[in-house]
Protein chains: 2
Amino acid sequence: MSSTHLSIGDLSRATGTKVETIRFYEKNGLLPQPGRTQGNYRAYEPAHLNRLSFIRRARDLGFSLDQVRALLTLSDDRSHSCAAVDVIARAHRDEVERKIKDLQSLKTVLDQVIESCHCNIVADCAIIESLAPASQGS
Amino acid sequence: MSSTHLSIGDLSRATGTKVETIRFYEKNGLLPQPGRTQGNYRAYEPAHLNRLSFIRRARDLGFSLDQVRALLTLSDDRSHSCAAVDVIARAHRDEVERKIKDLQSLKTVLDQVIESCHCNIVADCAIIESLAPASQGS
DNA sequence: CTTGACCCTATAGCGACTATAGGGTGTATA
DNA sequence: TATACACCCTATAGTCGCTATAGGGTCAAG
């Protein structure tokens, strides 16, 4: 591969993204199709590397691929208002916040259930009992 | 459906589980195959309802289907030691704990990113910038 | 000239459902 | 009796974000 072009393996190493994942991003319209070498290898420009880095960072922050797609589109129009960016980021933060709360109340219940078990056999197990509070017909 | 047998719709309403999900549980070995009516409708016993309730409670607590399967097997052998139950429950709690921590640090970053944005256009947007820190080639 | 690292496409699998297509059953009412 | 309608059936494909596999082609070094 020439000095100015990068192979898919180069992008993979540079961003810590699996090769298959890069092809997956291309197929799903997140990464534009690069040129090809004579041997039909993908030949990326530095711009592709930037874009892939962007995608990875956004994914690391938990944005969905749809959100990443939207962020990429917005970031391409540099004169556009960034209000839409803010909306996406805040929606995602709210979602994360909600998940944290859900998991915290879940953990509270799990803690209670686990702590209540001081038994030896399943017939007396408080964990099992908490799952099947009605009389055990099965 | 006779007075002692329940239709799939009955189980659905009683447990708040979609009909398709009940069939899915059956196909995946969580719920035993019920008898059938003359018209080939599933005819459930009360024991099925108990089992489905168990599954739903465990799922609500975030146990995976594999974990639920294991818990069901354990709960069927009522004379068995409940140590294995404890192991599954604690493993799941630890997992939930880890997820909470991950999401909390994620939220911290998202908060910082969102708070840092006081701009009007994408070119100056701190959110976009935090995603693409290198010079924008694309 | 062969080895081995790398690349290609196409397709199937994961988990836990959900949705759809294309039918059959059972009951209440006109 | 006809028909409308709620309910049930099976089989298959779709969701999300990859990951893995099969079955090949390319390219540089030894």
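A note on names: the letters A, B, ... follow the listed sequences, proteins ahead of strands, and every chain is numbered from 1. Everything numeric in this text was worked out from a predicted model, so none of it was measured.
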| said: Output the rounded distance in Å from NZ (A/K18) to P (D/dT21). | reply: 10 Å
| message | Could you tell me if A/Y25 and A/R56 have a donor-acceptor pair between their side chains, going purely by distance under 3.5 Å? | response | yes
| request: Would you mind reading off the distance between A/F24 atom CZ and C/dA10 atom P, rounded to a whole angstrom? | output: 16 Å
| query | Just how far, in rounded Å, is C1' of D/dG14 from CG of A/N28? | reply | 14 Å
| field | Residue mapping more 5' on DNA chain C - nearest nucleotide basis, B/R69 or B/N40 | value | B/R69
| Distance below 4.0 Å between A/T21 side-chain N/O and D/dT19 OP1 or OP2 | yes
| message | Under a 4.0 Å threshold between the charged nitrogen and the carboxylate oxygen, would A/D66 count as salt-bridged to A/R69? | response | yes
| field | Nucleotide D/dC18, atom C1' - distance to CZ of A/R59 in whole Å | value | 9 Å
| query | Atom CD of B/E26 and atom P of C/dC17: how far apart are they, to the nearest Å? | reply | 15 Å
| query | Starting at OH of A/Y41 and ending at C1' of C/dT9, how long is that distance when rounded to a whole Å? | reply | 13 Å
| When you measure from the side chain of B/S7, which nucleotide among D/dC18, D/dC8, C/dC7 comes out closest? | D/dC8
| request: Look at the side chain of A/Y25 against the base of D/dG17 and say whether a donor-acceptor pair falls under 3.5 Å; ignore hydrogens and angles. | output: no
| request: Round to a whole Å and report the spacing from CD of B/Q38 to C1' of D/dC7. | output: 18 Å
| Thinking salt bridges, do A/D86 and A/R90 make one under a 4.0 Å N-O criterion? | yes
| Where the side chain of A/V19 is defined as all heavy atoms beyond and including C-beta, which of C/dC7, D/dC8, C/dT20 is the nearest nucleotide? | C/dC7
| field | Any donor-acceptor N/O pair, B/D10 side chain to B/S7 backbone, under 3.5 Å | value | yes
| said: Rounded to whole Å, how long is the line connecting atom CZ of B/R42 with atom C1' of D/dC9? | reply: 7 Å
| remark: Between A/G9 and B/R23, the residue closer to the 5' end of DNA chain C by nearest nucleotide is A/G9
| field | NZ/NE/NH1/NH2 to OD/OE distance under 4.0 Å, B/D94 and B/R98 | value | no
